[in-house]
Amino acid sequence: MLVAALWACTACPGDSGDTTVSGSDTDGATEPGPTSAAPTSVATDEPAPTSSTTGEPPDTTDGPTSNPTDGPDTTTDTATTTTTETAGTDPSTDSTTGGQATTVVVHLVPQPGVNGQQRVNFAVPLAPGVLADDTQIQVVHAGAEVATALRGLARHPDGSWRSVQIQVDLELAGETDLDVNLNTAPTAGTIDAVPVADTLVDDDNGPRVWAVLPAEWLTASRFAGPLDTETAAQGTPAQAWADKCDYDEWDHEAFLGVMGQADVWLYDRGTILYRGHARRGDLGTLRSAYLETTIYRNGLSGQGPDTEIGVPGKTGDAKYYYTQNMALHYLMTGDDRFRESAEDVAEAYDALWNPGYDGGDGFWTERHAGFGLLAYVWAMNVSDDQADQFRGLAEAAVTAYIDVQDSYPPGYDDPDARCFAHTDTAADEDFGFWGCSPWLSAILADGLDQFASDSEGAMADAARTSLVKLGRVVARDGLDADGKPFYWMGVGDGNGAVDDYDEHWGESAYVVALAYYHDGSSDPELKQTAEDLAQGLADFGEVPHMRSFNWQCRSAVATSWFLSQ
């Protein structure tokens, strides 16, 4: 165990239950698809994408709300600058274990009514190579160094720290800043750490003092995956995600109004909001991510393979089992309870999902495949004592998925452009032909990319090659004559089911952008296709309800990073 007793985990979920498998998508929350399931060729008379409404009205409780703890926008602007004490030090490019002296400014925002002496807890995510020694951190407040409790949380493959937890005692009378100097020997002494739970108002309201890090730092750390800031995307096709992903409209308050219905939990809201926070660096997204991930974890019961989720009516339904949200929360807070729960949910996913597919009509979708891989990889990334177990599960899943990609559909022999093809019946659909879902493939692509980032050697290379094949076939076979992505695409046969809605442009853009990047960022056709799809999102994209926000703002927000490399 990496964790010393003073940072010990508080009580983890306890009650066990059944692990009934419910893999089907036919749960009443299935995404609206083509109005006709019949296969259609890529016809030249397909109408251009037009604005449309979804098959269900927006939730009546959804809409902009004000957060009483959010203060005016200007209160967090000071957190958008990161300074370095050594010229040329960049946490996104420094690959030397240990790095050099680097400073990040952390903006503290006390909750209403919180003042006086406070224990402040937060964590600073780190890019690979930035920090090797978690004792070499100095914290300065108002020009004076303060005593600290310090702990590295998880390691990158190169052995450097993935994040570091920090606690300080401060006398607060309002918002203020801390300078966190990395790779700098502290001289002000230490304090005894306390459980993170002791630093909260309560689970419903979060920490007594919020700690807001700059978007530039969070994206450079890649703690939530490869991301650009919303500011960096301005003026590019990727600005579409900043325009369409309204984190204020679909925030925590909006979720509370509808959380009794299962579909709004889909696609891992905690991860969506933490990724939004990485891109924006504002208090609103941090608050929503923190509180919703807490809700998700507090709904868990049981341990290990017997872990059950608290999503209404979805016990045993694998597509609602998420670990990434809790892993990211751990990396942002150091709260061991979330690390342990991430491990539990990953074990439960293994009990619910078989990654193999035999070419028949047995249930198999890219969504389930992707969330399984993400579950194993993120549990592996933060685990203190089961990392080898989860790596084994991740590698077995990648091996199985590549076998699917290389084997199907029967008779298809293009070695360079391949998706994860399966029968439509295997996905509980009735399109009438073999194929794959370009938009659900984004979740599996997300998992493969993260696996490759946190792995080495032949397995990592195989995952990258798989992503190139996937993006190439989506760019070639996954669009109608007007460039709109199919909801369900055939493979090399001209078939494709047209989506009557405009809610899936971004996922196809992301998949193609991944192929462009992992192919060496040298294929202008792939880049142009990805940019055209991003422009389609900007011109025609709709986000009419919370579930639509969830899927469109989950993985595809990384598109701009891959296109800018």
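Position 1 is the first residue of the sequence, and the numbers go up from there.
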Counting distance only, does the side-chain N/O of [X] pair as donor-acceptor with the main-chain N or O of [Y] below 3.5 Å?
X    : Y    : value
S288 : T285 : no
S163 : L331 : yes
Y349 : H368 : yes
S407 : V404 : no
Y516 : S521 : yes
S455 : A452 : no
S437 : L440 : yes
N550 : L266 : yes
E249 : A254 : no
S564 : W561 : yes

Begin from the C-alpha positions of H545 and W250 and carry the test ring-ring contact (aromatic ring centres under 6.0 Å, His included) through to its verdict. CA-CA 8 Å; H545 51 76; W250 309 111; 7.7 Å; no
Check your understanding: Does the pair D282 and R280 meet the rule for a salt bridge (charged side-chain N to carboxylate O under 4.0 Å, His left out), with working shown?
Key -> CA-CA 5 Å; D282 67 327; R280 292 177 63 172; 3.4 Å; yes
What is the minimum heavy-atom distance between [X] and [Y], and which atoms define it?
X    : Y    : value
T365 : A426 : CG2-O, 4.5 Å
G225 : R275 : CA-NH2, 4.0 Å
Y274 : L286 : CE2-CD1, 4.2 Å
W241 : A509 : CH2-CB, 4.1 Å
S221 : L218 : OG-O, 2.7 Å
L374 : G447 : CD2-CA, 3.6 Å

Side-chain touch [X]/[Y], heavy atoms, less than 4.5 angstrom:
X    : Y    : value
L126 : W217 : yes
H518 : L514 : yes
Y247 : H252 : no
L448 : L470 : no
W439 : P485 : no
L467 : V511 : no
Q528 : E525 : no
L213 : P125 : yes

Whether the R279 and T229 side chains hold a donor-acceptor pair (N or O, under 3.5 Å, no angle test) is what I'd like checked.
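No, T229 and R279 have no side-chain donor paired with an acceptor closer than 3.5 Å.
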Just by distance, no angles: are the side chains of T423 and D361 close enough, under 3.5 Å, to form a donor-acceptor pair?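 Checked: T423/D361 side chains pair up, N/O donor to acceptor below 3.5 Å.
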Subject >> Evaluation steps, side chain to side chain contact (heavy atoms under 4.5 Å, CB included), between Y487 and V498 >> reply: CA-CA 6 Å; Y487 187 89; V498 177; over 6 Å; no
- [ ] Using the test salt bridge (charged side-chain N to carboxylate O under 4.0 Å, His left out), find all partners of D454 that sit at least two apart in sequence or belong to another chain.
- [x]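 Residues passing salt bridge (charged side-chain N to carboxylate O under 4.0 Å, His left out) with D454: R162.
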So, for [X] and [Y], is the gap between ring centers shorter than 6.0 Å?
X    : Y    : result
Y408 : Y357 : yes
H422 : W488 : yes
W265 : F255 : yes
W210 : H107 : no

Is the shortest distance from a Lys or Arg side-chain nitrogen in [X] or [Y] to a carboxylate oxygen in the other one below 4.0 Å?
X    : Y    : value
D446 : R554 : yes
K484 : D502 : yes
E292 : R287 : no

Candidate list F223, F338, Y322, test ring-ring contact (aromatic ring centres under 6.0 Å, His included), partner H329, passing option: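 Running ring-ring contact (aromatic ring centres under 6.0 Å, His included) over F223, F338, Y322 with H329 returns exactly one hit, F338.
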Problem - Y376 and F451: CA distance, side-chain angles, deciding distance, ring-ring contact (aromatic ring centres under 6.0 Å, His included) verdict - result: CA-CA 9 Å; Y376 308 144; F451 172 83; over 10 Å; no
Check the orientation of W364 and W353. Use parallel for under 30°, tilted for 30 to 60°, and perpendicular for over 60°.
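Tilted, since the angle between the ring planes falls between 30° and 60°.
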So Q552 and L537, side chain to side chain contact (heavy atoms under 4.5 Å, CB included) or not? Walk me through it. CA-CA 10 Å; Q552 293 193 72; L537 174 65; 3.7 Å; yes
Original post:
Can you list every disulfide (SG to SG under 2.5 Å) pair that touches residues 467-565, not counting sequence neighbours?
Top reply: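 Disulfide (SG to SG under 2.5 Å) check on residues 467-565 returns C245-C553.
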Chi angles and distances behind the side chain to side chain contact (heavy atoms under 4.5 Å, CB included) call for Y296, R269:
CA-CA 9 Å; Y296 187 86; R269 289 265 304 171; over 6 Å; no
Intermediate values then yes/no, side chain to side chain contact (heavy atoms under 4.5 Å, CB included), L444 and F420:
CA-CA 9 Å; L444 179 47; F420 302 93; 3.6 Å; yes
Exercise. Going through the distances and angles, do S548 and E503 end up as a side-chain hydrogen bond (donor to acceptor under 3.5 Å, both in side chains)?
Worked result: CA-CA 7 Å; S548 179; E503 301 175 56; 2.7 Å; yes
Candidate list D414, D416, D519, test salt bridge (Lys or Arg N to Asp or Glu O under 4.0 Å), partner R472, passing option:
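The residue from D414, D416, D519 that satisfies salt bridge (Lys or Arg N to Asp or Glu O under 4.0 Å) with R472 turns out to be D519.
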Results of side-chain hydrogen bond (donor to acceptor under 3.5 Å, both in side chains) for R222 - residues two or more places apart only: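 R222: no side-chain hydrogen bond (donor to acceptor under 3.5 Å, both in side chains) contacts found.
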